Amino acid sequence: MKTGDWARDPEGLYRHSRGGVITVARLAELGVPSMTCYRRCRPGKSWRRLLPGVLLLNSGEPTRRQLIDAALLYAGPDAVVTGATACRRQGLRALPDHPFRVHLLVPLEHKVGSSEHVTIERTIRQPQAVVFDGMPLAPLVRAVLDECRRLGSR
């Protein structure tokens, strides 16, 4: 997109996103100035900031899928979803109730940290992702173990 074309074609921006979730860096590649991105995230404006550098292209409440996609964009291309979120996506239903968080595994050399609804765990044993519905998930056994390690009681 040429500079300024994005304003006349909001659907074009949406096509470049993951269900409405996109990074500020990607928007800049598409010609949207970063100051404009953050200005549109102010209260009462048309976009919403989900995580540092990650935006939702509408101002409504994000779905769980959008929150997961935002977490994956925030953590980088090698991130893998684990814990309760990965367990639920792979069909396990008997999980303890607790506030929604996305638990991600990233390679040890990544320097990204936890933020808001995202828990980042750096690991030297990065699992081979199981891709389910376009989402990289840790294998079920690893996801269950990662969730169990974070439980406060039996």
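All residue numbers in this chain count up from 1 along the given sequence. Remember, it's a predicted structure, so these values are computed and weren't measured experimentally.
Contact record, Lys45 with Arg39: CG-O, 3.6 Å, taken as the closest heavy-atom pair. Leu137 approaches Phe132 most closely through the heavy-atom pair CD1-CB, 3.5 Å. When all heavy atoms of Leu72 and Met135 are compared, the closest pair comes out as CD1-CG, 4.1 Å. The minimum heavy-atom distance between Pro136 and Ala129, with the atom names listed, is CB-CB, 3.8 Å. A pairwise comparison of heavy atoms in Ile68 and Arg89 identifies CD1-NH2, 3.6 Å as the closest pair. Pairing each heavy atom of Ala79 with each of Leu104, the nearest pair is CB-CD1, 4.4 Å.
A salt bridge links Arg65 with Asp69: the distance from a Lys NZ or Arg NE/NH1/NH2 to an Asp or Glu carboxylate oxygen falls below 4.0 Å. Between Glu116 and Arg101 there is no salt bridge, since no side-chain nitrogen of the basic residue lies less than 4.0 Å from a carboxylate oxygen of the acidic one. Taking a cutoff of 4.0 Å between a charged side-chain nitrogen and a carboxylate oxygen, Arg142 and Glu147 do not qualify as a salt bridge.
Cluster membership for Tyr74 and Phe100, using ILVMFWY side-chain heavy atoms within less than 4.5 angstrom, is shared. The hydrophobic clustering, which links ILVMFWY residues whose side-chain heavy atoms are closer than 4.5 Å, places Val106 and Val54 together. Hydrophobic clustering (side-chain heavy atoms under 4.5 Å, transitive across Ile, Leu, Val, Met, Phe, Trp, Tyr) groups Val112 together with Val102. Residues Ile120 and Val80 do not share a hydrophobic cluster, clusters being chains of Ile/Leu/Val/Met/Phe/Trp/Tyr side chains in contact below 4.5 Å. Follow the hydrophobic side-chain contacts under 4.5 Å out from Val81 and you never reach Leu92; the two are in separate clusters.
Side-chain contact check for His16 and Arg26: at least one donor-acceptor pair (N or O, by modelled atom type) lies under 3.5 Å. Side-chain N/O atoms of Arg48 and Ser59 include no donor and acceptor closer than 3.5 Å.
To the nearest 0.5 angstrom, Ser114 atom OG is 8.0 Å from His103 atom NE2. With rounding to the nearest 0.5 angstrom, the CG atom of Leu50 is 12.0 Å from the OG1 atom of Thr23. Put simply, CG on Asp146 and OG1 on Thr119 are 11.0 Å apart, with the number rounded to the nearest 0.5 Å. Annotation: the span from Thr82 atom OG1 to Glu121 atom CD amounts to 7.5 Å, rounded to 0.5 Å. Rounded to the nearest 0.5 Å, atoms CZ (Arg40) and CG (Leu27) are 10.0 Å apart. Expressed to the nearest 0.5 Å, how far OG of Ser115 lies from CG of Leu51 amounts to 5.5 Å.
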For this session: Could you walk me through whether Lys111 and Arg122 pass side chain to side chain contact (heavy atoms under 4.5 Å, CB included), step by step?
Result: CA-CA 9 Å; Lys111 301 298 181 202; Arg122 296 180 356 189; 4.1 Å; yes
For this session: List the steps and the verdict of side chain to side chain contact (heavy atoms under 4.5 Å, CB included) for Leu108 and Thr123.
Result: CA-CA 5 Å; Leu108 187 64; Thr123 180; over 6 Å; no
Problem set entry | Trp47/Leu56 under side chain to side chain contact (heavy atoms under 4.5 Å, CB included): CA gap, chis, key distance, verdict | CA-CA 6 Å; Trp47 295 351; Leu56 179 63; over 6 Å; no
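Environment of CZ in Arg149: crowded, with over 12 heavy atoms of neighbouring residues, nucleotides or ligands closer than 6.0 Å. Shown here is Gln128, whose CD atom has no more than 12 heavy atoms of other residues, nucleotides or ligands within 6.0 Å.
Proximity of a side-chain donor or acceptor of His117 to a complementary backbone N or O of Leu67 within less than 3.5 Å is detected. Without hydrogens or angle criteria, Arg93 side chain to Arg88 main chain gives a donor-acceptor distance under 3.5 Å. Proximity of a side-chain donor or acceptor of Gln66 to a complementary backbone N or O of Gly19 within less than 3.5 Å is detected.
Between Val21 and Leu55 the shortest side-chain heavy-atom distance does not fall below 4.5 Å.
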